[in-house]
Structure formats: structure tokens, C-alpha cells
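First comes the structure, then the notes that go with it.
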Amino acid sequence: MAIYENLLLDLQQGILTITINRVDKLNALNIDTIREIRNAMQQVYDDEEVKGAIITGAGPKAFVAGADITEIAELSEVTARSFAERGQDVFAMIERSNKPVIAAVNGFALGGGCELAMACHIRVAAENARFGQPEVNLGLIPGYGGTQRLTQLVGKGKAMELMMTADMVGAQEALQLGLVNHVVPQEQLMAKSVEIMEKIMGKAPLAVGLVIECVNAVFNNDENGYQTEANAFARCCTSEDFVEGTSAFIEKRKANFTGN
Ligand code: COA
């Protein structure tokens, strides 16, 4: 059983809520917290009771205000590369999870915080959310996948501008840019995130996982996404949930999916 100092984990009705809990540092991601996120994601992968995860930040002010700058300041060229790669691996674990992961963004999502949110499959933002990649202010660039995922989400021109100017965008602008899926009042943030998660949890889990895999394939240059899709489509057709889903439609009843 993993021990957590910087995360709060709460499993309710199949949803594991992972709360980054360093309120006095605006939930900045130090190395220990990155390690703990890896452990929490391992639970998402392994624990059959977990059907999906919601990642959020403790307190009203920040989702995550970035990687911990006090640790970054100590990095050398060698340690910086492994620092970035370690964070990239953990965020790739989120992106590749075959169970849905939703970011509930409750305030500042800067640097590594924006990158963490972007690694999730869906982002719900509170009205006070603010997004940005301000690393150039520190003489740095994003190191946890931000240059790649921000470009994927908002397009090349806007990604260039945001990363070169270090400008922050508010929740409504993030919505217009396609950086977030929904914006809600702060007090409705978790309810909206749970509502989306429950809707997904009512669908066939294997199919949901394969949707994630196929969409991710778009961004993998080594993969033919159409082939991945055809293979995944065929895999669905051999599943019990496919039989259940089609039978339920024909019998005009609600499908009862088991994930098999
Ligand atoms: N790393 C380490 N500590 C951080 C941090 C980070 N990324 N972001 C905030 N903190 C700490 C502050 O140092 C401060 O700690 P202290 O009380 O011990 O001095 C505490 O969190 C509160 O932050 P503060 O700056 O006082 O809050 P604010 O409301 O005035 O400003 C921000 C909020 C988010 C605008 C500001 O904290 C900020 O710019 N943070 C850095 C953002 C960033 O560059 N992220 C990318 C890192 S690569």
C-alpha cells in the first residue's frame, strides 16, 4: 500500500479522486509529488474497483502552480534531463490509462500544472482557473510534455504565442481555445467532473479504453492510427460487452456492461 504525503486519495463509487495537497505551495509538483502521482496512477491501472480518476488541487486557489521552482533551481544538465523524462513518463501514464482521467482545474494551472491537466483525457475548469506555460520567465521551457500537448490542443500559432510570451489565459479563453472541455462555477467543479465520469462509466469499459488508445495514436508518428482503429474495432466485436450492447439495443433495454 503506497503512502502519500502530498496527495489525498478518495475512492467513491469507482471514482478515485486524486487531490494534489501542498496548499501552502499552491500544490507545486516537487519530485516526491511526481512519484506519488505515479503510485496513484498505478492504482488506477491495477485496482479493479477503480473505474476512472479525477485529478484536482487542494484549496480554492490552485490546481497546480507548476513544478517546484526551488527544486528546479538546483538542476544540472544531467539531472534536468532525467527530471523532465521522469515527469514525462508519469504524465504519459495518465494519457495512456485505459480508464478515463479527468482534470478538475480549480485555479492556477501553470507550467507543470497546465501540463498535468493536458495529460488528462478531459479538462473541466472552474471559472477562476488560469492556464499558462510561464517557463520562459525562468529561462526555461516546459519539460513535462507541454510543448507537445499544448500544440496538439490549441494549434501551433497559439501554442507558440502562449509559450513565448508566458501569458496566462482565463477559463473562458481556455474554453474558446479548446484547452478545456467545460467551464463551471467553482462550487460545481467536482459535481460536473463526476457527472461526466459517471456518464462514461455507464458505457462499455473496453470500448472506452480503446477510444483513448486510438485517439492517442493520432499523435504517435510510429503508429498507423487507422490500423490501430481497425484492430480495436475488431477487438470490440469479440467482447461480451459488444454482445450485451447490441442485444440491449434490440431488446430496447439498458445495457449492463461488465468490461469483458
Ligand atoms: N514552485 C514552488 N513554490 C511555489 C510555486 C512553484 N511553482 N508557485 C507558488 N509557490 C509558492 C510561493 O513561493 C509561495 O510560497 P511562500 O509562501 O513560502 O513564499 C506560495 O506558493 C504562494 O505563492 P505566492 O507567489 O505568494 O502567491 P500569489 O497569489 O502571489 O501568486 C502565482 C500566485 C501562481 C502567480 C505565483 O505563485 C507564481 O507565479 N508561481 C510560479 C508559477 C510558475 O512559474 N510555474 C512554472 C514553474 S516551471
Side-chain angles (χ1 to χ4, degrees), residues 4-8 18-38 40 55-92 94-95 103-120 123-154 158-174 177 179-180 183 186 189:
Y4 296 101
E5 285 186 7
N6 302 318
L7 301 186
L8 303 171
I18 302 169
T19 304
I20 319 289
N21 186 33
R22 298 184 75 216
V23 180
D24 57 339
K25 297 294 171 194
L26 301 185
N27 305 320
L29 299 176
N30 59 3
I31 290 167
D32 287 344
T33 308
I34 290 286
R35 189 181 318 113
E36 291 185 10
I37 295 173
R38 174 191 288 284
I55 301 181
T56 193
K61 196 169 162 184
F63 174 69
V64 165
D68 192 310
I69 295 170
T70 59
E71 288 186 348
I72 289 179
E74 305 290 321
L75 293 173
S76 68
E77 185 186 345
V78 175
T79 55
R81 187 170 292 109
S82 59
F83 173 92
E85 287 169 352
R86 201 165 35 219
Q88 287 181 3
D89 284 351
V90 174
F91 287 11
I94 296 171
E95 185 170 57
V105 182
N106 55 313
F108 289 112
L110 302 176
C114 189
E115 290 169 302
L116 175 62
M118 291 192 297
C120 297
R123 283 151 294 285
V124 182
E127 285 166 344
N128 72 331
R130 303 199 72 194
F131 296 82
Q133 296 288 164
E135 288 86 350
V136 290
N137 288 334
L138 304 169
L140 273 178
I141 66 164
Y144 288 168
T147 58
Q148 307 301 296
R149 293 196 182 94
L150 186 62
T151 309
Q152 291 163 9
L153 281 167
V154 308
K158 198 67 196 178
M160 287 276 194
E161 182 185 341
L162 288 174
M163 285 184 277
M164 290 196 285
T165 62
D167 279 351
M168 290 188 213
V169 295
Q172 285 302 338
E173 189 175 351
L177 289 172
L179 183 51
V180 301
V183 177
Q186 183 150 25
L189 180 65

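Numbering of ligands and ligand atoms starts at 1, following listing order.
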> Are the side chains of Arg22 and Leu29 in touch, meaning some heavy atoms are under 4.5 Å apart?
Replying inline: no
> Under 3.5 Å between some N or O of ligand 1 and some N or O of Thr70?
Replying inline: no
> Under 4.0 Å from atom 36 (C) of ligand 1, do we find at least one protein heavy atom?
Replying inline: no
> Any idea which protein heavy atom is nearest atom 24 (P) of ligand 1, and the distance to it?
Replying inline: Leu26 CD1, 4.5 Å
>> Check whether Asn106 reaches the backbone of Ala126 with its side chain - one donor and one acceptor, N or O, closer than 3.5 Å.
In response: no
> Do the non-hydrogen side-chain atoms of Thr79 and Glu74 ever get within less than 4.5 Å of each other?
Replying inline: no
> So, Asn21 versus Thr19: side-chain donor-acceptor pair below 3.5 Å or not?
Replying inline: no
> Considering only the protein, which heavy-atom contact is closest to atom 42 (C) of ligand 1, and what is its distance?
Replying inline: Ala65 O, 3.3 Å
> Of the protein's non-hydrogen atoms, which lies at the shortest distance from atom 20 (C) of ligand 1, and what is that distance?
Replying inline: Asp24 O, 3.3 Å
> Ion pair present between Asp32 and Arg35, side-chain N to carboxylate O less than 4.0 angstrom?
Replying inline: yes
> Is the closest heavy-atom distance from Asn137 to ligand 1 below 4.0 Å?
Replying inline: no
> Is atom 48 (S) of ligand 1 close to the protein, meaning a heavy atom under 4.0 Å from it?
Replying inline: yes
> So, for atom 7 (N) of ligand 1, does the protein have a heavy atom nearer than 4.0 Å?
Replying inline: yes
> Can you tell which of Pro134, Gly143, Cys114, Gly66 gets a heavy atom nearest to atom 44 (O) of ligand 1?
Replying inline: Pro134
> Quick one: side-chain contact (heavy atoms from CB on, under 4.5 Å) partners of Arg81, sequence neighbours excluded?
Replying inline: Glu77, Glu85
>> So if I count the atoms of ligand 1 from 1 in the order they appear, which ones are less than 4.0 Å from some heavy atom of Lys61?
In response: 27 (O), 28 (P), 29 (O)
> Where do Glu127 and Ala171 come nearest, in terms of heavy atoms and distance?
Replying inline: O-CB, 3.8 Å
> For the side chain of Thr165 and the backbone of Glu161, is there at least one donor-acceptor N/O pair under 3.5 Å apart?
Replying inline: yes
> By number and element, which atoms of ligand 1 are closer than 4.0 Å to a non-hydrogen atom of Ile72?
Replying inline: 48 (S)
>> Holding to ring-ring contact (aromatic ring centres under 6.0 Å, His included), I want the full list of residues that pass it with Phe83, two or more places apart in sequence or in another chain.
In response: Tyr144
> Has ligand 1 got any nitrogen or oxygen that is less than 3.5 angstrom from a nitrogen or oxygen of Ile69?
Replying inline: yes
>> Quick check on contacts: which atoms of ligand 1 are under 4.0 angstrom from a heavy atom of Leu110?
In response: 34 (C), 42 (C)
> Hey, is atom 2 (C) of ligand 1 touched by any protein heavy atom at less than 4.0 Å?
Replying inline: yes
>> Side chains of Ile20 and Leu7, heavy atoms from C-beta outward: is any pair under 4.5 Å?
In response: yes
> Looking at atom 5 (C) of ligand 1, what's its closest protein heavy atom, distance included?
Replying inline: Ala28 CB, 4.0 Å
> Roughly how far, to the nearest 0.5 Å, is the CD1 atom of Ile72 from the CD atom of Glu135?
Replying inline: 7.5 Å
> Considering only protein heavy atoms, which is closest to atom 19 (O) of ligand 1, and at what distance to one decimal place?
Replying inline: Lys25 NZ, 4.6 Å
> Protein heavy-atom contact under 4.0 Å for atom 27 (O) of ligand 1?
Replying inline: yes
